[in-house]
Every structure is written in structure tokens, then in C-alpha cells.
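Shown next, in C-alpha cells, is the structure this report addresses.
Every number for a ligand or one of its atoms is a count from 1 in the order of the listing. Values below: all heavy atoms of this structure, side chains included; hydrogens, waters and symmetry mates excluded.
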Amino acid sequence: MSKKAFGIDIGGSGIKGAPVDLSTGELAADRVRIATPQPSTPDAVADTVAELIRSFDLDADTPVGVTFPAVIQAGVALTAANVDKSWIGTDVDALLTERTGHDVFVVNDADAAGIAEMKFGAGRGTSGVVMVITLGTGVGSATFVDGTLVPNTELGHLLLHGDDAEHYMASSVREKEDLDWETWAGRLQEYFAHVDFLFSPTRIIVGGGVSKKHQKFLPLLDLNTEIVPAKLRNEAGIVGAAVMAHREEKALQKAERKSAEKAEKKASKKEQAERGAAK
Ligand code: BGC
């Protein structure tokens, strides 16, 4: 039987989820999308995530991975650039685990997209430094060194012209300012040349919804590093979250097994010692 986990992508306008077949990286059922509640407070979003999970007939032990557009450390959101500020300091793992009744693991949205691209998409088999940059409402980044993720790199907040780069070259900025492709590509050129100069990556992978229109802007860029479009596009977050949840669940089970073994060993040593003392 193929391994499955459930992935959920929390975005500014929609919360999307589907079960994922972990051997192929494909969705195992049609995804469900529910509009993100406004204001997108932790409480309201947690209810929507629970509603989304309820619309699938999930086994209780199916791990659930959730993406969130913020720095995530030990399950806690530490920033909130494009979401309600009340998320800062929220233990997202604990909130969603309690509200959904499933083991939930939360990960930065760009890191999730990167995990999916490395396993099933444009980063597959690539060693060295690979950077996945997602262009959306904000700009996210996932950095891998020989396939290992360096979490929370937040390269959308590099300074460009004295401000966060994402305020200058996110896909949402292109839409808001109604920039033509050439003008926007000029901004991307500045940004990616900066990233290229700072990190000399082996490959840059460009993700986010706009990456399906990569023909309109990637050919206009001139960089030292190879720059390619993401392969999983819209589904990368869901797939990466599910992959991560499965990995974390396995690591947790292993740690639990180890600590149970240790406790058992201790108990039997104690028993042995007590028997010896009774002689
Ligand atoms: C956030 C990142 C996120 C990115 C894409 C940025 O504003 O700081 O955590 O990955 O947007 O959503």
C-alpha cells in the first residue's frame, strides 16, 4: 500500500488541502479549497483547517502537514509579514493539533514548496546550494545544502533600495502596480543578481502561482546561476507539507520507541539489582 499523509497550504486568500501519495508526490484525491477567513486570526484559521480536514475521511493516525507564511520554530510562528499580527508567538502546531485531533506539523510555506521541489520537482538530485524562491503575495525562500534544508531563510526580506525586496518585486506588486512583464523582469533581475552574488547557488528554482507564466519573464533574466521554473506549481505547498509531516511523524515514533526501550532497560536493571539485594 502506498504511504499517505495530508497536506494543507494556508495562504492569504485560500486554505487548500489534499491527501498526498508520498511515493509519487501526487495528490491522492481532489484538493478542497476554503476561503481564508478575514480577519485571519489564529482562532478563525484553526476552525477552517478543522473544517477542511473533516471534509475528508481521514484515518485518525494520518499525519497532517500545514504550511504557514511565517518564520516557524518548534511549531511557533515568530513573524507575520503578510498575515494577522496576532499569529506572532502562537504555537501553531499545538493549536491545530488540539483543534483537528490529528498530529499536525507546521512548516514555513516556502520551505514546504522547496521540500516538494527537491523530492519530486526541479531540484530532484541536485547537490550543492539550491534556492527555491516563491513569488506570490510575499516572497519566500527555501535553501538546501546537498539536499538538506536550512529552514526559515526569509530572503524575501533582503534589502533592495532600502526596503524589503518583496515590497518591490513580489508577484502581488506586479499586479498592484500593473507592471508589464519587461518592467517586472527588470526588478527580478536586480533581486536575483543580488541573491546570486551573495550565495552563488548551484541552481535557483522559481515557484509561486506566477511560475506557470515563466516564459514571460525567466528568459529576460541574465544571471551566472541556472534559473528554472518550479515543476509542482500550485501543489508544491500541499505536497511538501505532507512529506514533512510524514518525516516528522516517523522521527517522533523513533524517538518514542527509543525512550520506551530505555525505560524498559532501566526497569529491568532496577529489578535485577533489587533481586540481587534480596539475596
Ligand atoms: C514571509 C515568509 C513567507 C513568504 C511567502 C514572507 O513575507 O516573511 O515567511 O515564506 O512571505 O509567503
Side-chain angles (χ1 to χ4, degrees), residues 7-17 33 35-36 38-40 42 45 49 65-93 96 105-118 121 123 130-144 149-176 184 187-188 191-192 194-195 199 204-212 229-230 232-241 243-244:
I8 297 184
D9 196 4
I10 301 182
S13 58
I15 299 181
K16 299 165 284 186
R33 180 186 188 279
T36 307
Q38 301 300 339
S40 54
V45 168
V49 168
V66 175
T67 75
F68 197 71
V71 170
I72 300 290
Q73 267 184 347
V76 178
L78 299 185
T79 61
N82 295 305
V83 287
D84 200 84
K85 299 295 172 225
S86 58
W87 281 96
I88 297 176
T90 300
D91 188 337
V92 191
D93 262 15
L96 297 181
F105 302 92
V106 67
V107 60
N108 169 267
D109 58 353
D111 283 348
I115 290 169
E117 287 300 326
M118 292 305 282
V130 178
M131 298 186 135
V132 181
I133 306 285
T134 62
L135 305 172
T137 308
V139 172
S141 63
T143 304
F144 296 84
L149 174 70
V150 181
N152 296 309
T153 45
E154 292 290 324
L155 299 184
H157 299 280
L158 280 177
L159 284 189
L160 211 56
H161 304 294
D163 191 7
D164 276 18
E166 69 175 20
H167 296 160
Y168 181 64
M169 40 60 77
S171 181
S172 60
V173 175
R174 182 186 69 83
E175 285 162 17
K176 223 178 294 155
W184 188 53
R187 294 188 180 192
L188 294 179
Y191 175 74
F192 284 116
H194 192 42
V195 169
F199 300 100
I204 296 176
I205 299 169
V206 179
V210 74
S211 66
K212 63 174 175 286
L232 282 94
R233 313 276 157 78
N234 266 340
E235 260 123 51
I238 295 178
V239 174
V243 169
M244 190 272 316

Using the test side-chain hydrogen bond (donor to acceptor under 3.5 Å, both in side chains), find all partners of Asp164 that sit at least two apart in sequence or belong to another chain. His157

Ligand 1 atoms in contact with His157 (distance to a heavy atom under 4.0 Å): 1 (C), 6 (C), 7 (O), 8 (O)

With a 4.0 Å cut-off on heavy atoms, is Ala70 touching ligand 1? yes

At under 4.0 Å between heavy atoms, what of Ala81 touches ligand 1? The answer is side chain

Checking the side chain of Thr67 only, and the main-chain atoms of Val107 only, is there a donor and an acceptor separated by less than 3.5 Å? no

Looking at ligand 1, would Asn108 count as a contact under a 4.0 Å heavy-atom criterion? yes

What's the separation between atom CZ in Phe192 and atom CE in Met131, rounded to the nearest 0.5 Å? 10.5 Å

Mind checking whether Val139 has a heavy atom under 4.0 Å from ligand 1? yes

Please determine if Asp109 has a nitrogen or oxygen closer than 3.5 Å to a nitrogen or oxygen of ligand 1. yes

Short list, please: which atoms of ligand 1 are under 4.0 Å from a heavy atom of Gly140? 4 (C), 5 (C), 10 (O)

Give every donor-acceptor pair under 3.5 Å between a side-chain atom in residues 74-84 and any protein atom, sequence neighbours left out.
| residue | atom | partner | partner atom | Å |
| --- | --- | --- | --- | --- |
| Thr79 | OG1 | Val71 | N | 2.9 |
| Asp84 | OD2 | Ser86 | N | 3.2 |
| Asp84 | OD2 | Ser86 | OG | 2.5 |

Does any N or O in the side chain of Ser171 come within less than 3.5 Å of the main-chain N or O of Gly136, such that one atom is a donor and the other an acceptor? no

Sidechain-backbone polar pair: Trp87 side chain, Ser40 backbone, donor-acceptor under 3.5 Å: yes

Any nitrogen or oxygen of Glu166, side chain or backbone, less than 3.5 Å from one on ligand 1? yes

Hey, is ligand 1 close enough to Glu154 that some N/O pair sits below 3.5 Å? yes

Identified side-chain contact (heavy atoms from CB on, under 4.5 Å) counterpart of Phe144 within the set Ile205, Thr153, Asp111, Val132: Val132

